[in-house]
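Note that the coordinates shown come from a computational prediction; the quantities given were computed from them, not determined experimentally. Computation of the quantities below employed the complete heavy-atom set of this structure, encompassing side-chain atoms and omitting hydrogens, waters and symmetry-equivalent molecules. We count ligands from 1, going down the list as the structure has it; atoms in each ligand are counted the same way.
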Amino acid sequence: MKLLTHIAQHAARNPEQTAFRTEDQVLNYGLLWDRSSRLASFIHATQLGRQTPVVVYGHMGIDMPVSFLACVQAGHPYIPVDTSIPLERVRLIIEKSGAGLVINTTDSILDVDNVTVLHIPALQLEQEELIGDEYWVKPDEVFYIIYTSGSTGNPKGVQITAANLESFTDWMTRDFPLDQGKVFLNQAPFSFDLSVMDFYPALQSGGSIHALEKEVSNKPKLLFDNLSRSALQIWTSTPSFVQMCFPNPDFNQKMLPELELFLFCGEVLPLAVARELKERFPRARIFNTYGPTEATVAVTSIEVTDELLAHEKVLPVGYPKSDMRILVVDELDNPLPEGEKGELILVGPSVSKGYLCEPLLTESAFGIINGMNAYRTGDAGYIQDGLVYCQGRLDYQIKLHGYRMELEEIEFHLNQSEYIKSAIIIPHTRNEEIEYLIAAVVPADHDFDKEYKLTAAIRKDLALRLPAYMIPRKFTYYTAIPMTMNGKADRKKMKEEVFA
Ligand code: AMP
């Protein structure tokens with residue numbers, strides 16, 4: 001595989017160069033390749049069936065990249081699972097994926113059953129004999145699996161093949177101004193595919209990844225202190241994250257003098273954010289990109305120039321990458337002419353082969369068009385003069401502070417709670433952006449004398465099953481949830497009641 005060969009060659013030529021660093025750890029290319037190759041032979045010796053997935057558990061420590069490359073060198077897809085994911089959900093992912101091994105890169109014990117756990121910090125790898133590149137993941141085999149929120153209540157695993165990933169990294173290193181050896185920001189934890197946007201393009205081009213752990217990015221003082229020392233050149237994040245930096249007036253080109261490129265993906269890039277960045281970072285170029293995890297990070301891009309800012313009211317998400325086609329279809333899947341609004345369908349080599357062990361979900365979202373994989377995005381949009389514009393969702397998938405989630409998944413878990421009869425989630429929006437979530441709840445019989453105690457009990461329940469970013473900020477209580485004529489929860493009416 002070309003991507004792995006590039007990394008190996010770079011490690012041989014520049015072993016001392018930093019491949020990945022956090023606030024207090026540095027991993028150079030030599031060590032990344034050597035340790036991952038030895039760990040690959042250790043994994044190989046465990047004799048898992050070819051392509052059996054391996055869960056890699058941790059946050060942003062240097063053993064995460066080592067483990068990812070080890071898995072794929074041994075022919076296994078890895079499933080990155082961040083420490084912010086509650087244990088019950090981690091167990092579910094292990095069980096549903098049929099993972100044959102868990103690599104724990106943290107210092108703590110991971111309490112899971114029925115699967116071997118390799119505790120990396122305690123592992124001696126120096127004596128391992130290396131295996132050959134004939135075991136590496138092949139183009140049509142799965143390279144990684146990322147779990148995203150699922151509307152039926154459980155997360156679903158998107159399978160990305162080596163060919164999917166290579167199509168993405170080739171596009172990034174060819175069509176974007178990414179020269180060799182740059183310093184890239186990594187803001188997103190590895191369980192989100194935004195992290196792939198910097199991770200593999202950086203490694204393919206011999207760059208260094210500057211990872212921001214959540215302990216750093218959550219505290220403004222630590223964050224800006226870290227950024228000031230970072231010598232960052234390529235910034236990759238959600239628009240929400242960069243917006244979070246705006247309250248600090250010193251967040252500008254003086255703080256990051258070498259910054260030359262902003263790459264955004266994952267949610268709407270508001271015009272005002274792009275304008276403000278242009279003022280603060282006059283030497284940096286800005287690109288808006290769009291794509292779902294199911295089509296390997298991003299499939300469209302456009303440079304946000306002054307001219308574009310002057311002409312557009314809403315920023316387009318860009319032109320499709322050259323090997324991808326984007327269709328716009330109506331409710332009956334008929335292709336629509338240019339300029340008409342419909343659902344965006346992505347066709348081409350970036351599109352995943354489907355969700356792991358979920359044939360029904362796969363069938364409803366994926367298909368084959370002209371011999372190529374196709375994905376039904378659920379995004380509303382249109383194409384004008386070859387440019388793709390996004391216009392929100394056709395379902396209940398949302399982005400909150402850059403995180404993708406299905407409202408129905410949160411509702412599923414709320415409805416599992418013994419304290420709840422029924423519940424729906426209402427997003428609270430400001431300036432067309434979702435600010436936070438409100439749970440509208442019909443409580444079951446309970447013994448709490450105060451509402452806040454009931455809320456605390458529900459929150460505690462939810463925290464066992466959902467990551468913190470999916471837990472509603474506000475809870476409001478009702479005696480009934482209004483229904484529509486066809487017996488579904490009437491979200492519109494409920495919203496009116498919540499905001500009455
Ligand atoms: P994820 O799988 O987390 O990358 O989320 C994919 C979804 O995020 C897409 O289907 C869109 O709804 C939304 N999205 C991603 N990029 C953009 C963008 N540049 N503008 C608007 N929405 C976006």
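Close contacts between ligand 1 and Thr293 involve ligand atoms 1 (P), 2 (O), 3 (O), 4 (O) [criterion: under 4.0 Å to a heavy atom]. Heavy-atom proximity to Arg393, at under 4.0 Å, picks out these atoms of ligand 1: 10 (O), 12 (O). Near Val268, meaning under 4.0 Å from any of its heavy atoms, are these atoms of ligand 1: 20 (N), 21 (C), 22 (N).
Ligand 1 lies nowhere less than 4.0 angstrom from a heavy atom belonging to Leu315. Ligand 1 is approached by Gly291 to a heavy-atom distance shorter than 4.0 Å. Using a 4.0 Å heavy-atom cutoff, Asn288 is listed among the residues neighbouring ligand 1. Judged by the shortest distance from any of its heavy atoms, Thr148 lies outside the 4.0 Å radius around the atoms of ligand 1.
For atom 7 (C) of ligand 1, the closest heavy atom belonging to the protein is Gln397 NE2, 3.9 Å. Counting protein heavy atoms only, atom 15 (C) of ligand 1 is closest to Gly266 C, 3.2 Å. Regarding atom 12 (O) of ligand 1, its nearest protein heavy-atom neighbour is Asp379 OD1, 2.6 Å. At the shortest separation from atom 19 (N) of ligand 1 among protein heavy atoms lies Thr289 O, 2.8 Å.
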(request) In sequence, state the C-alpha distance, the side-chain angles, and the governing distance for Tyr389 and Tyr290, and then conclude on ring-ring contact (aromatic ring centres under 6.0 Å, His included). (result) CA-CA 10 Å; Tyr389 291 78; Tyr290 153 85; over 10 Å; no

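Contact annotation: the side chain of Arg404 approaches that of Pro292 to within less than 4.5 Å [non-hydrogen atoms, C-beta and beyond]. Residues Gln51 and Val142 have side chains in contact (heavy-atom distance under 4.5 Å, counting atoms from C-beta outward).
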Would you tabulate the side-chain donor-acceptor contacts of residues 406-413 under 3.5 Å, counting partners in other chains and residues two or more places apart, or write 'none'?
unit_1, atom_1, unit_2, atom_2, d
Glu409, OE1, Ser149, OG, 2.6
Glu409, OE1, Gly150, N, 2.9
Glu409, OE2, Arg89, NH1, 2.7
Glu409, OE2, Arg89, NH2, 3.2
Glu411, OE1, Arg491, NH2, 2.9
Glu411, OE2, Ile425, N, 2.9
Glu411, OE2, Arg491, NH1, 3.0
Glu411, OE2, Arg491, NH2, 3.2
His413, NE2, Gly153, O, 2.8

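The distance from the CG atom of Leu32 to the CZ atom of Phe68 is 11.0 Å, given to the nearest 0.5 Å. For the atom pair OG (Ser352) and CD (Gln159), the distance works out to 6.0 Å, reported to the nearest 0.5 Å. Between the OG atom of Ser417 and the CZ atom of Arg465 there is a distance of 7.0 Å, given to the nearest 0.5 Å.
In this structure, the ring of Tyr319 has its center no less than 6.0 angstrom from the ring center of Trp171.
Cation-pi geometry between Lys341 and Tyr382 is not met at under 6.0 angstrom from the ring centre and within 45 degrees of the axis.
In terms of polar-atom proximity, defined here as any N/O pair under 3.5 Å, Thr377 makes no such contact with ligand 1.
Remark: the Gln233 side chain and the Asp179 side chain contain no N/O donor-acceptor pair separated by less than 3.5 Å.
Residue contacts with ligand 1, taken as heavy atom pairs separated by less than 4.0 Å, involve Asp193 solely via side-chain atoms from C-beta onward. Residue Val317 touches ligand 1 through its side chain alone, judged by heavy-atom distances below 4.0 Å.
In this comparison of Met197, Glu267, Met405, Lys399, the heavy atom closest to atom 3 (O) of ligand 1 sits on Lys399.
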